[in-house]
Amino acid sequence: MRAENTPLIRFTSRSRLDKAINTLHGLIEGIAIDGMVSQSEFGFLQQWLDDCHEFGNRHPMNELMPVVRSWVDSGNIDAEQKADLLWLCNRLRSSEFYDKTTSDLQRLHALLGGIMADGVVTEEELRGLSDWLEEHDHLKSCWPYDEVGSLVTTVMADKKIDAQEQLLLRDFFTEFIAVLDDRTIVSPSVAEGGTLAGLCAVCPDIVFAGSRFCFTGASSRYGRKELAALVESRGGEVSSSVSAKVDYLVIGAEGNPCWAYACYGRKVERAVELRKSGVRLQIIHEHDFSDAVAF
């Protein structure tokens, strides 16, 4: 974690605890959506336990974590116990920090990661995901609900997943296997014909002269002043906020653990809205920005 994010951690303890509960809810839904749980999926639950260790002595984690730990240790999830824990997660949801929409989107992110935990997406999992999306249609217009729905509908049109579709699903769902850490989107997925608009541009053509850049998240290589200097020395400008006048939004590789979502923050959400409205704003990853700087 970047040093500049450290002071924020102590102020976000309760919100991160709430996020952990929402994440557990979605994670359990995702890994058990096909009625089976593999060894690698139990490993995903262990990752959640590791990420939540700081909350181990706090209510309600002191009740939730022993149950999850018993599942991991035994390699078995009892159906009735699973239902009880999901019910408890739902009851423990707080609206103090996250509204229902944000909480459910955190669940969706974890659910997608849970589906991908064993490295394969099955037809049964997509049917379960489709049912979940239908039951949570209040998330329409929120990224990535619409994109996921479009992708599932396209893939399941012929009721089977071919090799190319499996690769596309894996590429997209893998972006959500960051459960509670601060990783950001690295490699985008783009469906042929524009079915799924990738979050980050693929091999973007970055022009500095006359362009306006905005940065979000923490860079793994540069400080903010260094980033601004790199842009300005090449004839570009830097904006502190996302607007229709911005040409490139650069996502830092380290992200921020205080974000509501592991893989994007407020500026990215705004950029996605602008792109949907027709604004020609490119969302690019820091790795591509660094490559452009090197040439």
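The shown structure was predicted, so the numbers you read here are calculated from the model rather than taken from an experiment.
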Query - From K19 atom NZ to Q106 atom CD, the distance as rounded to the nearest 0.5 Å - result: 6.5 Å
Query raised in the report: Do the side chains of L49 and R69 get nearer than 4.5 Å, heavy atoms only?
Result: yes
Query raised in the report: Do the side chain of R234 and the main chain of V293 share a donor and acceptor less than 3.5 angstrom apart?
Result: yes
Report task. Could you walk me through whether V121 and M116 pass the side chain to side chain contact (heavy atoms under 4.5 Å, CB included) test, one step at a time? Result -> CA-CA 6 Å; V121 181; M116 197 63 246; 3.8 Å; yes
Query raised in the report: Can a donor-acceptor pair be found between the side chains of N22 and H109 at a distance below 3.5 Å?
Result: no
Query raised in the report: What distance separates L169 CG from I115 CD1, expressed to the nearest 0.5 Å?
Result: 9.5 Å
Query - Value rounded to 0.5 Å, distance of CG in L27 from CD in Q47 - result: 8.5 Å
Query - Enclosure of N57 CG (heavy-atom neighbours >12, cutoff 6.0 Å) - result: no
Query raised in the report: Of all residues at least two apart in sequence or in a different chain, which pass the side-chain contact (heavy atoms from CB on, under 4.5 Å) check with D162?
Result: Q164, E165
Report task. Might you point out which heavy atoms bring C89 and L24 nearest each other, and give the distance in Å? Result -> SG-CD2, 4.0 Å
Query raised in the report: Can you find a heavy atom in the side chain of W71 that is under 4.5 Å from one in the side chain of L45?
Result: yes
Query - K160 side chain reached by E123 side chain, heavy atoms, under 4.5 Å - result: yes
Query raised in the report: Under the criterion side-chain contact (heavy atoms from CB on, under 4.5 Å), which of L168, V155, T122 is the partner of I161?
Result: V155
Report summary line: The reported gap from CD1 in I283 to CD1 in I251 (rounded to nearest 0.5 angstrom) is 6.0 Å
Report summary line: Looking only at heavy atoms, the pair that brings D288 and I206 closest together is O-CD1, 3.7 Å
Query raised in the report: What is the minimum heavy-atom distance between Y222 and L227, and which atoms define it?
Result: CD1-CD2, 3.5 Å
Report summary line: d(S243 OG, L274 CG) to nearest 0.5 Å is 7.5 Å
Report task. Grab the two heavy atoms, one from L281 and one from A271, that are nearest each other, plus how far apart they are. Result -> CD2-CB, 3.8 Å
Requested in this report: Report whether M156 and V120 are members of the same hydrophobic cluster (ILVMFWY, side-chain heavy atoms less than 4.5 Å apart, transitive linking).
Outcome: no
**Report entry** Nearest non-hydrogen partners of L17 and M61, listed with the distance
**Finding:** O-CE, 4.1 Å
Query raised in the report: Once the angle between the rings of F215 and F289 is folded into 0 to 90°, is it parallel (under 30°), tilted (30 to 60°) or perpendicular (over 60°)?
Result: perpendicular
Report task. Any chance you could lay out the side chain to side chain contact (heavy atoms under 4.5 Å, CB included) test for R221 and S290, step after step, and finish with the verdict? Result -> CA-CA 9 Å; R221 303 185 185 186; S290 296; 3.2 Å; yes
Query - Derivation and outcome, side chain to side chain contact (heavy atoms under 4.5 Å, CB included), residues Y248 and V207 - result: CA-CA 9 Å; Y248 303 97; V207 177; 4.0 Å; yes
Report summary line: Note: D205 and Q282 closest approach over all heavy atoms is O-NE2, 4.0 Å
Requested in this report: Could you please spell out the steps behind the side chain to side chain contact (heavy atoms under 4.5 Å, CB included) verdict for Y145 and D137?
Outcome: CA-CA 9 Å; Y145 180 96; D137 61 358; 3.7 Å; yes
Side-chain donor/acceptor pairs under 3.5 Å, residues 127-136, sequence neighbours excluded:
{"residue": "W132", "atom": "NE1", "partner": "E29", "partner atom": "OE1", "Å": "3.4"}
{"residue": "W132", "atom": "NE1", "partner": "E29", "partner atom": "OE2", "Å": "3.4"}
{"residue": "H136", "atom": "ND1", "partner": "W132", "partner atom": "O", "Å": "2.7"}

Report task. Decide yes or no for C52 and M65: does some side-chain heavy atom of the first lie under 4.5 Å from some side-chain heavy atom of the second? Result -> yes
Query - Gap between atom CZ of R107 and atom CG of L112 - 0.5 Å precision - result: 12.0 Å
